[in-house]
Amino acid sequence: MEYSRTVRAAAVQISPVLFSREGTTEKVLQAIAQAAQAGAQLVVFPETFVPYYPYFSFVQPPVLMGKEHMRLYEEAVEVPGPVTDAVSRAARSYSMVVVLGVNERDGGSLYNTQLMFDADGTLLLKRRKITPTYHERMVWGQGDGAGLTVLETAVGRLGALACWEHYNPLARYALMAQHEQIHCAQFPGSMVGQIFADQMEVTIRHHALEAGCFVVNATGWLSPEQIVQITPDEKLQKVLTGGCHTAIISPEGVPLCPPVTEGEGMAIADLDFSLITKRKRMMDSVGHYARPDLLQLHLNASAWSVMQDNHGAASALPDPLSAEAGSFTTNHRIHEQTAVDYGASVSGSEAG
C-alpha cells in the first residue's frame, strides 16, 4: 500500500430529478465533468441518488405508499444496464473513480446499492446496504457480507457504507481491518433537520479517527419545490429539511474543507496519505492497538443465494457483474475463500 501520495476528492451535494432515472443520471454525468474540471480523481455521490431516495416512505404510511413504491420500481436501476454503462464511460473518459448510490432493481426486489467504478471505467463493486433503516424496510431488501470489502482502486484502497450502517461498529470494523484508506460515506440529506446533520458530522469524524482513514461523505438535497412534490402536508414538509453535511475528513478527524450544508455544491479537498501513517503511528485499531487474543470479529463474507446445488454449495447462478466487472468477481471470490477472522469485536459476533 502506498502512503506517500496525494489524491483530490470531491463529495457532491446534489438534488435528483424526481421521478426520472434518465434526468438524475444526466445530473450525475454533469457533476462528474464538473469534478474533473476541478482536478478531482475521486467523486462520491449521495445515497440511492439514482433515481432518487425514497423520501415518500418517510412521510407516508405503508398503506398509502403503494403508488410511489411502484413508481420507484419503474425508475430503478438494473446492474449492469444503461445507467452503469453511462457512468462507466464517464469514469473512463475523465480517469476518475466514481462511487454512486442507486436504487437497484433485481427481479422483484429493490436494494439500496453502492456502485464503485475504477478510473478505467470498470465496475469494481456492487454492494447492498446490509439492513435498511426503519421506514426503508418497506422499500428495500437486505444485503449480505460479500459487500463488506475494501478494494484497490486508482486512488487507493476504498470502502463504502450507507447512512446508518455507520452505526454498526462491526460493519465499520470489517472495512477497517482490510486497511481502508478512503472511506466513502453516503446519506440521503434533507431529512429530520439540523440534528441529523449534527449526528452525521459526529459519525464521519469518529470513523476517520477510529479507522485512521479519510472519509468522503456526500448527502442529497431537496429544493423547496421538490419537498412540495413529495408531500402537500406542511407539517410533514418540515421533516424534509436540513440534515445535509457533505464533507471531507482527515484521518485525524479534521475537516479538510468547509462542509456543504445547504443547496447544491461540492466539497473538494486534497488527501495527503502521509496523514494516515501519522494517525496510525499513535493508534492503529487493527494493528498495534488491537487485542485479537481478547476480541475478534468473525465476518461471513459469502454472497446469499436462494438456491443450492445437491452438494450444499451455492448454485452457479450468473453473476450480474461478470460481463463488465471481472475484477470485482475475482476480488469477491478471493475475499470469500480466505475466510479471514478480523481482529476486534466481541468473539462470536457476525457483521451483517
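Side-chain N or O atoms of D118 include one that pairs as donor or acceptor with a backbone N or O of A154 at under 3.5 Å. Between the side chain of T122 and the main chain of L124, no donor-acceptor pair closer than 3.5 Å is present. At least one donor-acceptor pair closer than 3.5 Å links the side chain of N103 to the backbone N or O of Y52. Although no hydrogens or angles enter the test, the distance criterion places a donor-acceptor pair under 3.5 Å between the side chain of N168 and the main chain of A171. Not one N or O on the side chain of E136 forms a donor-acceptor pair closer than 3.5 Å with the backbone of G141. Under a 3.5 Å cut-off, the side chain of Y55 and the backbone N or O of P188 do form a donor-acceptor pair. The backbone N or O of G81 sits less than 3.5 Å from a side-chain atom of T84, completing a donor-acceptor pair. Checking side-chain atoms of E78 against main-chain N and O of D106 turns up no donor-acceptor pair under 3.5 Å. With hydrogens and angles ignored, the 3.5 Å screen pairs a side-chain donor or acceptor of N217 with a backbone N or O of H245. Judged purely by atom type and a 3.5 angstrom limit, T219 has no side-chain atom pairing as donor or acceptor with the backbone of G189.
Ion pairing between K235 and D233 fails under the 4.0 Å rule for side-chain N and carboxylate O. Between K129 and E165, no side-chain nitrogen of the basic residue sits less than 4.0 Å from a carboxylate oxygen of the acidic one, so the salt-bridge criterion is not met. Looking at R71 and E68, a side-chain N of the basic residue comes within less than 4.0 Å of a carboxylate O on the acidic one, giving a salt bridge. Using a cutoff of 4.0 Å between basic side-chain nitrogens and carboxylate oxygens, R5 and D272 are not scored as salt-bridged. Under the 4.0 Å criterion applied to side-chain N and carboxylate O atoms, R157 and E152 are assigned as salt-bridge partners. A salt bridge is absent between R92 and D120: the closest approach of a Lys/Arg side-chain nitrogen to an acidic carboxylate oxygen does not fall below 4.0 angstrom. Classification of K27 and E264 as a salt-bridged pair holds, one side-chain N sitting under 4.0 Å from a carboxylate O.
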> Would V239 and M191 satisfy side-chain contact (heavy atoms from CB on, under 4.5 Å), going step by step from the backbone distance to the final call?
Replying inline: CA-CA 6 Å; V239 304; M191 287 179 64; over 6 Å; no
> Yes or no on ring-ring contact (aromatic ring centres under 6.0 Å, His included) for H166 and F187, after CA distance, side-chain angles and deciding distance?
Replying inline: CA-CA 10 Å; H166 292 88; F187 287 76; 5.6 Å; yes
> After noting the C-alpha distance and the side-chain angles of V43 and V216, does the key distance pass the side-chain contact (heavy atoms from CB on, under 4.5 Å) rule?
Replying inline: CA-CA 9 Å; V43 61; V216 181; over 6 Å; no
> Run the side-chain contact (heavy atoms from CB on, under 4.5 Å) check on H183 and C213 step by step: do they pass?
Replying inline: CA-CA 7 Å; H183 179 78; C213 73; 3.8 Å; yes
>> One pair to check against salt bridge (Lys or Arg N to Asp or Glu O under 4.0 Å): R205 and E201. What are the steps and the verdict?
In response: CA-CA 6 Å; R205 294 182 71 173; E201 180 182 11; 3.3 Å; yes
>> As a quick check of understanding, evaluate side-chain contact (heavy atoms from CB on, under 4.5 Å) for C163 and Y53, giving each step before the final call.
In response: CA-CA 12 Å; C163 202; Y53 179 83; over 6 Å; no
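Contact record, D144 with I130: O-CG2, 3.9 Å, taken as the closest heavy-atom pair. Here the shortest heavy-atom pairing between Q186 and V44 reads CG-CG1, 4.3 Å. Across all their heavy atoms, L297 and A174 have their closest contact at CD2-N, 3.7 Å. Looking at every heavy atom in both residues, A185 comes nearest to I204 through CB-CG2, 4.4 Å. Across C257 and A267, no two heavy atoms sit closer than the pair SG-CB, 3.7 Å. Here the closest heavy-atom approach between residue K280 and residue A211 is recorded as CE-O, 3.2 Å.
In this structure, CZ in R172 is found 9.0 Å from OG in S285, a value given to the nearest 0.5 Å. Note that CG of L170 is 10.0 Å distant from CG of L148, once rounded to the nearest 0.5 Å. In this structure, the separation between CZ on F273 and CE on M1 is 10.5 Å, given to the nearest 0.5 Å. Residue I227 holds its CD1 atom at 12.0 Å from CD of E234, rounded to the nearest 0.5 Å. Distance check: Q142 CD to Y111 OH gives 9.5 Å after rounding to the nearest 0.5 Å. Interatomic distance, H179 NE2 to I276 CD1, rounded to the nearest 0.5 Å: 11.5 Å.
Within 6.0 Å of atom CD in E262, 12 or fewer heavy atoms from other residues, nucleotides or ligands are found, so the atom counts as exposed in its surroundings. Surrounding OH of Y3 are more than 12 heavy atoms belonging to other residues, nucleotides or ligands, all under 6.0 Å away. Other residues, nucleotides and ligands place no more than 12 heavy atoms under 6.0 Å from the CD atom of E22. Other residues, nucleotides and ligands contribute more than 12 heavy atoms inside 6.0 Å of the CG atom of L64. Annotation for M70: atom CE does not count as buried by contact number, only 12 or fewer foreign heavy atoms lying within 6.0 Å.
Both V59 and M65 are part of a single hydrophobic cluster, where members link through side-chain heavy atoms under 4.5 Å apart. Both V83 and I14 belong to a common hydrophobic cluster when Ile, Leu, Val, Met, Phe, Trp and Tyr are linked at side-chain heavy-atom distances under 4.5 angstrom. Note: the hydrophobic cluster containing W164 also contains V139 (ILVMFWY, side chain heavy atoms under 4.5 Å, direct or indirect links). Using a 4.5 Å cut-off between side-chain heavy atoms of Ile, Leu, Val, Met, Phe, Trp and Tyr, with links allowed through other members, L209 and L256 fall into different hydrophobic clusters. Cluster annotation: V215 and L100 are assigned to distinct hydrophobic clusters (Ile/Leu/Val/Met/Phe/Trp/Tyr, side-chain heavy-atom contacts under 4.5 Å, transitive).
Ring planes of F56 and H69: tilted class, angle from 30 to 60°. Taking the six-membered ring where the residue is Trp, F49 and F45 present parallel rings, their angle staying beneath 30° rather than reaching 60°.
Contact of the F214 side chain with the L275 side chain is registered, since non-hydrogen atoms from C-beta on lie closer than 4.5 Å. In this structure, the side chains of T48 and P54 come closer than 4.5 Å at one or more pairs of heavy atoms. You'll find the side chain of V28 reaches within 4.5 Å of the side chain of V50, heavy atoms only. In this structure, V97 and Q41 have side chains that are not in contact, with every pair of non-hydrogen atoms separated by 4.5 Å or more. Side-chain atoms of T149 and L125, non-hydrogen and from C-beta on, do get closer than 4.5 Å to each other. Counting heavy atoms from C-beta on, the side chains of I248 and L271 come closer than 4.5 Å. For the pair S109/E104, no side-chain contact is recorded, criterion being any heavy-atom separation below 4.5 Å from C-beta on. Residues M116 and L158 have side chains in contact (heavy-atom distance under 4.5 Å, counting atoms from C-beta outward).
A cation-pi arrangement is absent between R105 and Y73 under the rule of less than 6.0 angstrom and at most 45 degrees off the ring axis.
Side chains of E210 and H207: no donor on one and acceptor on the other come within 3.5 Å.
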